[in-house]
Amino acid sequence: MKKVLVLNALNQVEPISETWLAPLAQQAEVYWYQKNATDFCLDEAFFLCPDPHIIVTCLVALNQATLQRACNLEAVMATSTAVDYIDLAYCRAQQIRVFHTPRYTETAVAEHAFALILAGTKHLRRLDVGLRRHNTEPQPAAMELKGKQLGIIGLGNIGNQLVGYAQAFGMRIVYYNRSLKSCACGTQVDLTTLLSTSDIVVMTVPLNQDSRYMIGAAELNCMPTASFLINIGADELIDAPALVSALKMGQIAGAALDVITDYHTYLDAPNLILTQSRGWYTTECIQRRNTAWVETLRGYLSGEPVNACRI
């Protein structure tokens, strides 16, 4: 029987009911380690389950030193789409299989992105704060979305959902993608054209060596002064100091960002909306995620693996 260690740091995600793995009791011996980040201790986790065959990680970073503690480790399963917090080089060298949980966030994150678009272009945060403080100063006029251009950086599954939402608002659509993609409702352009002609830019591109800091001072300088930048991808897609400077100098009208780990850089930036990794956090998305990673584990235990990563 396989030994499965489930790691969940509760500052990242909600507690997972241990009943989710009850149907696998005949196939696996499951050890749950769920604690708040301040109390989280991998030594305790490996004392609880000294030599797991499978580690399920809920955004808990697994470096080489950690993975080496599991001498019989066969597989690592991430309950997230991304696996960048797992030492993939070590897993590859040791022939440890890595699995992820794809596509469960699409609807939630796409909806959150459009919520950020509306909040930014309608100045909702500024209007709310002004009213609560009885501010009588004139407020800036909002932007109507009809007839405006939405530029999508990364036309994946989330980007395609944004296309549908933008159409409903009567927007024009352009997109930038590393590979050639077909979209009947939009036009593929180069990055400079997208940035210089779009009223709103949304980043949905995955983080890799090509996309790291793809929006910096030069790119922000290309954008119209009335434009907005929305990022629902990794923090490292944007050069944070460059964005803060652009907002302070009025180079762009505003920005809205999700998945913020180190948000302190942004705290004194004007016309900026921040949400901390809440794009995916819906009741429905949580249900999809748990259902998906449990099925991944079930498939592996049954000899029919799904959702394997190419590492």
Side-chain angles (χ1 to χ4, degrees), residues 1-102 104-105 234 259 261-262 276-278 280-281 285-311:
M1 183 176 289
K2 302 296 185 184
K3 293 166 65 175
V4 179
L5 175 60
V6 182
L7 302 174
N8 187 17
L10 299 181
N11 67 317
Q12 298 283 353
V13 292
E14 79 296 336
I16 302 171
S17 172
E18 296 182 13
T19 61
W20 278 98
L21 294 185
L24 303 181
Q26 300 301 314
Q27 297 173 276
E29 186 179 348
V30 181
Y31 298 82
W32 292 84
Y33 188 77
Q34 304 191 81
K35 285 196 174 184
N36 291 322
T38 52
D39 302 319
F40 198 87
C41 177
L42 284 169
D43 287 340
E44 287 184 353
F46 282 102
F47 180 80
L48 176 70
C49 179
D51 200 12
H53 299 98
I54 302 165
I55 295 177
V56 176
T57 173
C58 308
L59 299 177
V60 176
L62 298 175
N63 58 23
Q64 179 174 336
T66 300
L67 294 169
Q68 282 177 332
R69 301 177 66 167
C71 298
N72 293 319
L73 188 62
E74 301 174 5
V76 176
M77 297 184 179
T79 64
S80 59
T81 302
V83 293
D84 56 295
Y85 53 94
I86 299 168
D87 191 329
L88 300 180
Y90 176 82
C91 290
R92 183 167 54 248
Q94 299 299 315
Q95 297 185 320
I96 297 167
R97 302 191 69 179
V98 178
F99 298 82
H100 71 147
T101 309
Y104 70 97
T105 64
V259 198
T261 51
D262 183 11
Q276 192 171 32
S277 190
R278 281 298 178 264
W280 73 278
Y281 201 68
C285 193
I286 292 168
Q287 176 79 21
R288 285 194 299 271
R289 184 199 64 175
N290 287 336
T291 300
W293 75 257
V294 170
E295 285 304 309
T296 300
L297 178 57
R298 186 197 310 276
Y300 182 82
L301 294 171
S302 301
E304 299 177 353
V306 294
N307 298 326
C309 297
R310 296 174 62 185
I311 61 172

Q. Side chains of Leu62 and Asp87: closer than 4.5 Å at any heavy-atom pair?
A. no

Q. Within a strict 4.5 Å, meaning less than it, do heavy atoms of the Trp20 and Thr291 side chains meet?
A. yes

Q | pair Pro50-Lys3: side-chain heavy atoms closer than 4.5 Å | A | yes

Q.
So Gln34 and Val6, do their side chains get closer than 4.5 Å, heavy atoms only?
A. no

Q) Rounded to the nearest 0.5 Å, what separation is found between the CG atom of Leu59 and the CD1 atom of Ile86? A) 9.5 Å

Q | Thr66 vs Ile55 side-chain heavy atoms within contact, under 4.5 Å | A | no

**Q.** Beyond-backbone contact of Leu7 with Leu42, side-chain heavy atoms, under 4.5 angstrom
**A.** yes

Q: Kindly compute the distance separating CG (Leu301) from CD (Gln26), expressed to the nearest 0.5 Å.
A: 12.0 Å

Q. What's the shortest heavy-atom distance between Ala70 and Asp51, and which atoms?
A. C-OD1, 3.6 Å

Q: Indicate whether the side chain of Tyr85 and that of Ser80 have a donor and an acceptor atom separated by less than 3.5 Å.
A: yes

Q. Once you round to the nearest 0.5 Å, how far does SG of Cys309 lie from CZ of Arg92?
A. 12.0 Å

Q: Would you check if the side chain of Asn63 reaches a backbone N or O of Ala65 as a donor-acceptor pair within less than 3.5 Å?
A: yes

Q.
Can you give me the closest heavy-atom contact between Asn8 and Cys58, atom names plus distance?
A. OD1-CB, 3.4 Å

Q: Please report the closest heavy-atom contact between Pro102 and Asn307, naming both atoms and the distance.
A: CG-OD1, 3.4 Å

Q: Can you measure from OG1 (Thr105) to CD1 (Ile286) and round to the nearest 0.5 angstrom?
A: 12.5 Å

**Q.** Nearest atoms (heavy-atom pairs only) where Leu73 meets Leu67
**A.** CD2-CD2, 3.7 Å

Q: Kindly indicate, with the supporting measurements, whether the criterion side chain to side chain contact (heavy atoms under 4.5 Å, CB included) is fulfilled by Thr81 and Trp280.
A: CA-CA 11 Å; Thr81 302; Trp280 73 278; over 6 Å; no

Q. With distance as the sole test, does Thr101 use its side chain to make a donor-acceptor pair with the main-chain N or O of Ala78 at under 3.5 Å?
A. yes

Q | Atom pair CG (Leu10) and NZ (Lys35), whose distance is rounded to the nearest 0.5 Å | A | 10.5 Å

(Q) Quick check: closest heavy atoms across Phe99 and Val83, and the distance to 0.1 Å? (A) O-CG1, 4.2 Å

Q) Which of these passes side-chain hydrogen bond (donor to acceptor under 3.5 Å, both in side chains) with Glu74: Lys2, Gln95, Arg97, His53? A) Lys2

Q: Run the numbers on Phe40 and Tyr33 for ring pair (Phe, Tyr, Trp, His ring centres under 6.0 Å), then give the verdict.
A: CA-CA 9 Å; Phe40 198 87; Tyr33 188 77; 5.0 Å; yes

Q | Residue pair Trp293 / Leu21, side-chain heavy-atom distance below 4.5 Å | A | yes

(Q) Whether the side chain of Ser17 engages the backbone of Thr19 through a donor-acceptor N/O pair (distance < 3.5 Å, no angle test) should be reported. (A) yes

Q. Between Cys91 and Ile311, which heavy-atom pair has the shortest distance, and what is it?
A. CB-CD1, 3.9 Å

Q. Between Gln68 and Gln94, is any pair of side-chain heavy atoms under 4.5 Å apart?
A. no

